[in-house]
2 protein chains.
Amino acid sequence: MTSVTPIAADAPETCCTPAKSAVSTQEAARMATVFKAMGDPTRVRLLSLIAAGEQGEACVCDLTDPVGLSQGTVSHHMRILAEAGLVEREQRGKWAYYSVVRPTLDAAAAALRTF
Amino acid sequence: MTSVTPIAADAPETCCTPAKSAVSTQEAARMATVFKAMGDPTRVRLLSLIAAGEQGEACVCDLTDPVGLSQGTVSHHMRILAEAGLVEREQRGKWAYYSVVRPTLDAAAAALRTF
DNA sequence: ACATCGTATCGACGTTTGTCAATGCGTGTG
DNA sequence: CACACGCATTGACAAACGTCGATACGATGT
């Protein structure tokens, strides 16, 4: 699984506040997945820590201390962020480096502006 | 309660990708409140319906049918959206009109871009 | 091969969440 | 006044969530 459906970058051809129509149920669900992933203080913090990291990335071992949670819990949160398409995982040696997926963030921000 | 703390419009004096630092725990918590409110498909739908409404507003009776949930449940969701500062309530006659609070949306979108 | 280290996964737990049906509370209308 | 209507609140309950400790997995180094 782990579909990673990045909110849909549609927005057909709109101009300025042009007779909006409500989003479909499925689109609402996809948006909610991303927002729900960011709906936890710890995950917001994790995302922020990763973005603030050296190359905009960080491994789990760098994250457990700052958030003050067990390694297992952090790993769990990373999984949720990854499934929402907010971060990407890259195995380097025995470390797992996570980096922020900017397009997803941008799509989410854009989606917010459509309301 | 119902603090309605709109994410903080800080962003001191930054330019282009300038040595980011992680957000504080409290800021993370405030952000998470807003995103958590949008972390449910029904609430995304509600927000969208309101924004798509006549004057960018809608009363609960207009919302129950589209989302297919009981009136009590819709009222519950509206409360959460209101507490997150995402919508405002205005009593007009015997109807309660909800409207989207654009600044909160914008602040959330801006916050997303800081990652 | 073996021991070690960094992560992921599992099982269990208390808490929070989304939902409903029922009830309470204002507000306008007969 | 009494009644109907729109909305909020309550109580209850199943499902989902966040957390931990323990365990399993995969890569490194000895």
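Lettering follows sequence order; numbering is per chain, from 1.
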Which of these passes side chain to side chain donor-acceptor pair (under 3.5 Å) with R79(B): H77(B), H76(B), E83(B)? E83(B)
Footprint string (nucleotides 5-22 of chain D, 5' to 3'): B base within contact, S backbone only, - free, heavy atoms under 4.0 Å: SSBBB-------SSBB--
Salt-bridge test for R113(B) and D106(A): reply yes if a basic N is under 4.0 Å from a carboxylate O, no otherwise. yes
Within the distance-only criterion (no hydrogens, no angle test), does the side chain of T64(B) pair as donor or acceptor with the backbone N or O of Q71(B) below 3.5 angstrom? no
Side-chain donor-acceptor pairs under 3.5 Å in residues 52-63 of chain B, sequence neighbours left out?
| residue | atom | partner | partner atom | Å |
| --- | --- | --- | --- | --- |
| E57(B) | OE2 | R92(B) | NH2 | 2.6 |

Find out whether T73(A) and S70(A) are in side-chain contact, i.e. whether some heavy atom of one side chain is under 4.5 Å from a heavy atom of the other. yes
Check the distance between dA27(D)'s C1' and E90(A)'s CD and give it to me in whole angstrom. 15 Å
